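The shown structure was predicted, so the numbers you read here are calculated from the model rather than taken from an experiment. Only heavy atoms go into these numbers, but all of them, side chains included; no hydrogens, no water, no symmetry mates.
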Amino acid sequence: MSKSTLAQRIDAWFAGRGWTIFPFQRAVWRTAAQGRSGLLHASTGSGKTYAVWFGALLRAGRMERKSRKQGLRVLWITPMRALAADTVRALQASGADLAPGWRIEARTGDTSAAQRARQAKAWPEVLVTTPESLSLMLSQMDAQERFSLLETVIVDEWHELMGSKRGVQVQLALARLRRWQENLMTWGLSATLGNLQQAQDVLLGEENAGVLVEGKVKKRILVDSLIPVNPTRFPWGGHLGIQMLQPLIAEIEASATTLVFTNTRSQAELWYQHLLDARPDWAGLIALHHGSLDREVREWVEQHLKTGELKAVVCTSSLDLGVDFLPVERVLQVGSAKGIARLVQRAGRSGHAPGRISRVTLVPTNSLELLEAAAARAALAQGHLEARPVPDKPLDVLVQHLVTIALGGGFESPALYDEVCGAWSYRHLTPDEWQWALDFVARGGQSLTVYPEYRRVLPDEDGVYRVPDAALARRHRMSIGTIVSEAAIQVKFLGGARIGSIEESFIARLKQGDHFLFGGRILEFVRVHEMTAYVRRATGSRGAVPRWQGGKMPLSSELAHAVLDQLQLAQEGRASGPEMRALAPLLAIQQTWSSLPTRASLLMETLSSREGQHLFVYPFAGRSVHLGLASLLAYRIARVQPATLSIAVNDYGFELLGGDDIDFAPLLTADSGADLALFSTDNLLEDVLASLNATELSQRRFREIARIAGLVFQGYPGQPKSARQLQASSSLFFEVFRKHDAANLLLTQAQREVLEQELELTRLRATLRELHGRRISLQPLERASPFAFGLMVERFREQLTTEKLSDRVARLVSALEKAAA
């Protein structure tokens, strides 16, 4: 087919559906037809998929003269299996008319064995896959030949991938494909991203010039809130909770199809159960969707969403990304989304088509989340979105990649070093670091040389590094990937039907007969056998809710700054909007009893109580930063005035609690000079490490690194190792390296990841510099202020007591309300 004919057919295809072709789509087509790479940034539901897909077809038409052989021409990388299946359907819908004769298929962890066998004989012309499956394809001996006709790579939801090790995995895979195909065209798709130029550089490599196309399609996004009838003036995490159930039900009732987003799987389970309890007539009309549910369950939910047969789905980030659900009219967000980009992403699940309005409504679980909603709307109006940080030189991913490439035909060291340095995250990889990684896969580094299983890659007589043993090759292929989570236990009914998976640590706490809530059902635990928990349906009582790891979302810097701006407006009497009006009584008490923090002032409060001496500090920098900051201040205060301090943190601030013998005020007054020392960035790294159990934190992080680097094998199918076995293995490596190979770069990486990812050291340093520019507002309290109250409750949660948390909180709220009357 000629380029002009194909272009006309594309125009006709759009016209036949009554769709308008947007200028950004034509811009991508023009650029792609010339074989140029780029990044497309446009709002959700504006037509990004067809922009790059038809661009790939136009290039293929131009390349038609080059070869008519059958083989892979377009590779589409997606972060989610569910998104892969949806993408295949979208591409096939147009492929029949515009790419006749082309097979369009998926290859992911969900692909059947029969389809894999067919693909092994001949790959389709278009393949939709995940980063893990792509790396597995690169580990095949004939990989270079298989990719010999590849013309275009499209990376979907690039903003979701680029900030993780999975994105680094993609960078390395792209560097390999570009080595084989010098004219390879690469396009990335993104909807919500603040650092666009960096995103393009990371995708294409700094030396590969590309085009940034921004889709200037007007997409109206509405952000509003369900306002509680009586928002409490003394808020604490989750206090509104189920009080918002009836308003939420009313919103669901008013729309044909609604997505109810929660931030954690546990929260999704609870809200789904509460909805069913309140509206049993909705059984079969509402559903639950999160990553721990069985694939067949998730696919059933997705399919019934598409057909509009479901009234509502309670979900997590499992439905954040671009799966296309046109029937969805409303999106409700339970609790704050904690970031502007995430809120926009979720809003885009409604009105998922050009010209339609997307709307997201916050359902607050805490009065102060109304403040976050007002701040998010203001920040969105100003076009603020969060940047995604990119991992720097993760050596565990590099080590895994070296073994993958050694399997996929082998490599010579100098050539692969140059290739790896072409990946953005490794652009500053030094020859010494490269040699260390090579030595680590060749003989296990200094401390594992006597163990044959760690001689995974060895040079042959021609100097080509290959994997010398078939068993090692099989183990590596089974372990490819960078997604690391706690060992999962399958959950099945006694009759054999699968429900999903739960982290092993939760099941380990259950006794026979215990009840728990999972998959929207109350289940009774029967027994564990071969990594499977067998259950039966339970009746009558409530059950415990599984707590999955990774559910904590700290407040983003952009949203935190927007919150402080709203507080500044409130202090000046200029705050507006329904959320700020609802918060006015709370903020009035905060101002009367204390003060409001702003970008210009750092609020600190001191309080003397029967528990001891309290210091409350409100940097508004997010939970992770506050944990590091609280530990740092506690350490520095203890050096000046010996004391034992307990810590509580939330997204707005932190509390230090000491005995009656400590006096915080002199340490924080400007004339003492101590306040500058407390917030100094001097010796920050050393003080942070000293203030925390850094060895324990690094050891925990090392477990993930050891798995990705191939030190710890999770077991063969049907014979998985338990979480305890995996933990023991990684702990053993950690201690061996510490004692006998202290220069091991994986140890250094573990410490760096703890600092950068768990404690957000870069953001902590930036926060300290910010605080230096703020005036300290030290307020002595007679009783807990509204802001302080939330921190006190966080500490109560951690204490062991026979008294119910709700009873204790209710008594304190009653006393504070009486004082405020």
Subject >> Ion pair check, E770 and R774, cut-off under 4.0 Å >> reply: yes
**OP:** Taking H289 for its side chain and T316 for its backbone only, find out whether a donor-acceptor pair lies under 3.5 Å.
**Re:** no
Original post:
Would you call the rings of F789 and F234 parallel, tilted or perpendicular, where under 30° means parallel and over 60° means perpendicular?
Top reply: perpendicular
Subject >> Nearest atoms (heavy-atom pairs only) where G339 meets L559 >> reply: N-CD2, 3.8 Å
Original post:
Would you say the side-chain atoms of S225 pair up with the backbone N or O of I227, donor to acceptor, closer than 3.5 Å?
Top reply: no
**OP:** Report yes or no: does N650 contribute a side-chain atom to a donor-acceptor pair with the main-chain N or O of G653 at less than 3.5 Å?
**Re:** yes
Original post:
Which side-chain hydrogen bond (donor to acceptor under 3.5 Å, both in side chains) pairs, counting each pair once, include a residue from residues 812-821, with sequence neighbours left out?
Top reply: R233-E817
Please list every donor-acceptor pair under 3.5 Å in which a side-chain atom of residues 248-256 meets a protein atom from a residue at least two apart or in another chain.
unit_1: E251; atom_1: OE1; unit_2: R330; atom_2: NH1; d: 2.6
unit_1: E253; atom_1: OE1; unit_2: R279; atom_2: NH1; d: 2.6

Subject >> Pairing residues for E655 by the side-chain hydrogen bond (donor to acceptor under 3.5 Å, both in side chains) criterion, not counting sequence neighbours >> reply: H614, R795
Subject >> For S556, the option from R342, H384, E386 that meets side-chain hydrogen bond (donor to acceptor under 3.5 Å, both in side chains) >> reply: E386
Original post:
Parallel, tilted or perpendicular: which describes the rings of F22 and F24, with under 30° parallel and over 60° perpendicular?
Top reply: parallel
Side-chain atoms of residues 371-378: list all donor-acceptor pairs with protein atoms under 3.5 Å, sequence neighbours left out, distances to 0.1 Å.
unit_1: E372; atom_1: OE1; unit_2: S336; atom_2: OG; d: 2.5
unit_1: E372; atom_1: OE2; unit_2: K338; atom_2: NZ; d: 3.2
unit_1: E372; atom_1: OE2; unit_2: Y652; atom_2: OH; d: 2.4
unit_1: R377; atom_1: NH1; unit_2: V223; atom_2: O; d: 2.9
unit_1: R377; atom_1: NH1; unit_2: E579; atom_2: OE2; d: 3.1
unit_1: R377; atom_1: NH2; unit_2: E579; atom_2: OE1; d: 2.5

**OP:** Only counting residues at least two apart or in another chain, list the ones meeting side-chain hydrogen bond (donor to acceptor under 3.5 Å, both in side chains) with S785.
**Re:** Q590, E605
Subject >> Listed partners of E572 passing salt bridge (charged side-chain N to carboxylate O under 4.0 Å, His left out), at least two apart >> reply: R574
Subject >> Backbone of V313 reached by a side-chain donor or acceptor of T258 within 3.5 Å >> reply: no
Original post:
Can the ring centres of F616 and F787 be said to be less than 6.0 Å apart?
Top reply: no
